[in-house]
Colleague: 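Dropping the structure in here first, questions after.
Numbered from 1 within each chain, the chains take letters A, B, ... in sequence-line order. Hydrogens, waters and symmetry mates are skipped; everything else that's a heavy atom, side chains included, is used.
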2 protein chains.
Amino acid sequence: MSFIEIQTPVITGADAACCAPASRDAIGAEAAEALARSLKALADPARLRLVSMVAAHPDAEACVCDLTEPLGLSQPTVSHHLKVLVEAGLLTRDKRGTWAYYRLVPGALDSLAALLAAV
Amino acid sequence: MSFIEIQTPVITGADAACCAPASRDAIGAEAAEALARSLKALADPARLRLVSMVAAHPDAEACVCDLTEPLGLSQPTVSHHLKVLVEAGLLTRDKRGTWAYYRLVPGALDSLAALLAAV
DNA sequence: CGAATGCATCGATGGATGTCAATTTATGGG
DNA sequence: CCCATAAATTGACATCCATCGATGCATTCG
């Protein structure tokens, strides 16, 4: 939904604002911190690729060994990024045997995108 | 001289597949870097609030002096954050007289959100 | 002109962050 | 049991980043 911001002429009076500009409220401080925390988790090329690679994998799940080589980073680094994504609520971790399988949290990306568009 | 560098994030390949089973392609490395660069610009509480405050302002524009006090940060810090947002293509800067007015770039947030949801 | 105001830039600083090598912890197999 | 494999944790390091005070640069006004 794209809003069209209408540029109203100069109305400097404070009490004249009843109709057109409709200045909504800005985001709150703690809401901004929460959203920033989620965005920080994704504001990294490696983590964006990890999310995308997990989503692109068959069955939409992948273990660390599937991700390390195509990503071109060391195993500890990949584990670190995956942990960040899990703590951000974007991935889930499921350890089966020796392997740890990661999956997308359904709807997590979409609700984040919705929050972002509503800022 | 108010030139605005609009950093259009890389929109990756057409992906018309609609349904679940087929594993789509993961995002490319350079697309991930471009998207991460845009997200980094917003992955900060102060910058999220700045964007929101500009959008919420009457006429959807605001100068630095309007933003410094409600944000609770020093003027140099606010100027720094605004510069980051302008360089990310999210805000425009328009200097009129002594004041510098910032506005949202229409649709910038929405296309970023769309790219994010498509990762 | 000179003072004042709004904003950008500079330099410094403390803290966060991405990365890797080395190590540790779990799990499974012979 | 002991070894092999997968993954997480640790420690270290370099870099980035948010923030501020001080300063510089325009612009406006007296």
Side-chain angles (χ1 to χ4, degrees), chain A residues 12 29-30 32-51 53-54 57 61-88 90-103, chain B residues 1-5 29-30 32-51 53-54 57 61-88 90-103:
Chain A
T12 40
E30 67 274 11
E33 288 192 22
L35 184 50
R37 228 174 296 131
S38 296
L39 289 176
K40 257 186 228 287
L42 279 172
D44 180 274
R47 290 198 284 268
L48 279 174
R49 292 183 68 192
L50 280 175
V51 168
M53 288 162 66
V54 168
H57 235 252
E61 77 174 8
C63 60
V64 181
C65 55
D66 291 328
L67 303 168
T68 300
E69 179 263 346
L71 195 57
L73 293 175
S74 72
Q75 175 264 317
T77 300
V78 173
S79 273
H80 161 68
H81 285 311
L82 288 170
K83 183 180 184 180
V84 171
L85 290 167
V86 168
E87 285 172 344
L90 292 161
L91 295 184
T92 61
R93 178 180 179 273
D94 175 34
K95 185 153 191 183
R96 296 201 298 271
T98 319
W99 295 271
Y101 293 94
Y102 290 87
R103 293 178 154 278
Chain B
M1 204 77 60
S2 50
F3 252 92
I4 318 282
E5 298 279 355
E30 65 282 357
E33 289 194 20
L35 184 50
R37 227 173 297 130
S38 295
L39 289 176
K40 257 185 228 287
L42 278 173
D44 180 274
R47 289 198 283 269
L48 280 174
R49 292 183 69 194
L50 280 175
V51 168
M53 288 162 66
V54 167
H57 234 252
E61 78 174 6
C63 59
V64 181
C65 55
D66 291 328
L67 304 167
T68 300
E69 180 263 346
L71 196 56
L73 294 175
S74 72
Q75 174 264 316
T77 302
V78 174
S79 273
H80 161 68
H81 285 310
L82 288 169
K83 182 180 185 179
V84 171
L85 290 168
V86 168
E87 284 171 345
L90 291 161
L91 294 184
T92 61
R93 178 182 179 272
D94 175 34
K95 185 155 190 183
R96 296 201 299 270
T98 319
W99 294 272
Y101 293 95
Y102 289 86
R103 303 178 76 96

Colleague: Could you state the atom-to-atom distance from CG of A:Leu42 to P of C:dT17 in whole Å?
Modeller: 14 Å
Colleague: Is the phosphate of D:dA18 approached by B:Thr77 (side-chain N or O, under 4.0 Å from OP1 or OP2)?
Modeller: no
Colleague: D:dA6 P sits how many Å from A:Leu67 CG, rounded?
Modeller: 14 Å
Colleague: Assign each of A:Pro76 and A:Thr98 to its nearest nucleotide of DNA chain C by heavy atoms, then name whichever residue's nucleotide is nearer the 5' end.
Modeller: A:Pro76
Colleague: Mind calculating the distance between CG (A:Asp44) and C1' (D:dC17) to the nearest angstrom?
Modeller: 14 Å
Colleague: B:Arg37 has an atom CZ; how far is it from atom C1' of D:dC17, in whole Å?
Modeller: 17 Å
Colleague: What is the separation between atom OH on B:Tyr101 and atom C1' on D:dT27, rounded to the nearest whole Å?
Modeller: 13 Å
Colleague: Does A:Arg93 reach a base, just sugar-phosphate, or nothing at all? Heavy atoms under 4.0 Å.
Modeller: sugar-phosphate
Colleague: Taking the nucleotide of DNA chain C with the nearest heavy atom to each, does A:Ser74 or A:Trp99 sit closer to the 5' end?
Modeller: A:Ser74
Colleague: Could you state the atom-to-atom distance from CG of A:Leu82 to P of D:dT9 in whole Å?
Modeller: 12 Å
Colleague: Taking the basic N atoms (NZ, or NE/NH1/NH2) and the acidic carboxylate oxygens, is any pair closer than 4.0 Å for A:Glu61 and A:Arg96?
Modeller: yes
Colleague: Of the options C:dT19, C:dT27, D:dC20, whose atoms approach the side-chain atoms of A:Lys95 most closely?
Modeller: C:dT27
Colleague: Look at all strands and tell whether A:Tyr102 reaches a base, only sugar-phosphate, or nothing, counting heavy atoms closer than 4.0 Å.
Modeller: sugar-phosphate
Colleague: Only one of B:His81, B:Gln75, B:Met53 passes side chain to side chain contact (heavy atoms under 4.5 Å, CB included) with B:Leu67; say which it is.
Modeller: B:Met53
Colleague: When you get a sec, tell me which of C:dA8, C:dG18, D:dA18 is the closest nucleotide to the side chain of B:Arg47?
Modeller: D:dA18
Colleague: Find which nucleotide of DNA chain D each of A:Lys40 and A:Cys63 is nearest to by heavy atoms, and output the residue with the more 5' nucleotide.
Modeller: A:Cys63
Colleague: Grab the CG-C1' distance between B:Leu73 and D:dC20 for me, whole Å please.
Modeller: 10 Å
Colleague: Starting from P on D:dA18, measure out to CG on B:Leu50 and report it in whole angstrom.
Modeller: 12 Å
Colleague: Once you apply a heavy-atom cut-off of 4.0 Å, does B:His80 come out as touching a base, just sugar-phosphate, or nothing?
Modeller: base
Colleague: Atom SG of A:Cys63 and atom NZ of A:Lys95: how far apart are they, to the nearest 0.5 Å?
Modeller: 11.5 Å
Colleague: I need the A:Arg93 CZ to A:Leu85 CG distance, nearest 0.5 Å.
Modeller: 13.5 Å
Colleague: Are any non-hydrogen side-chain atoms of A:Leu50 and A:Leu91 less than 4.5 angstrom apart?
Modeller: no
Colleague: With distance as the sole criterion, do the side chain of A:Gln75 and the base of D:dA8 form a donor-acceptor contact below 3.5 Å?
Modeller: yes
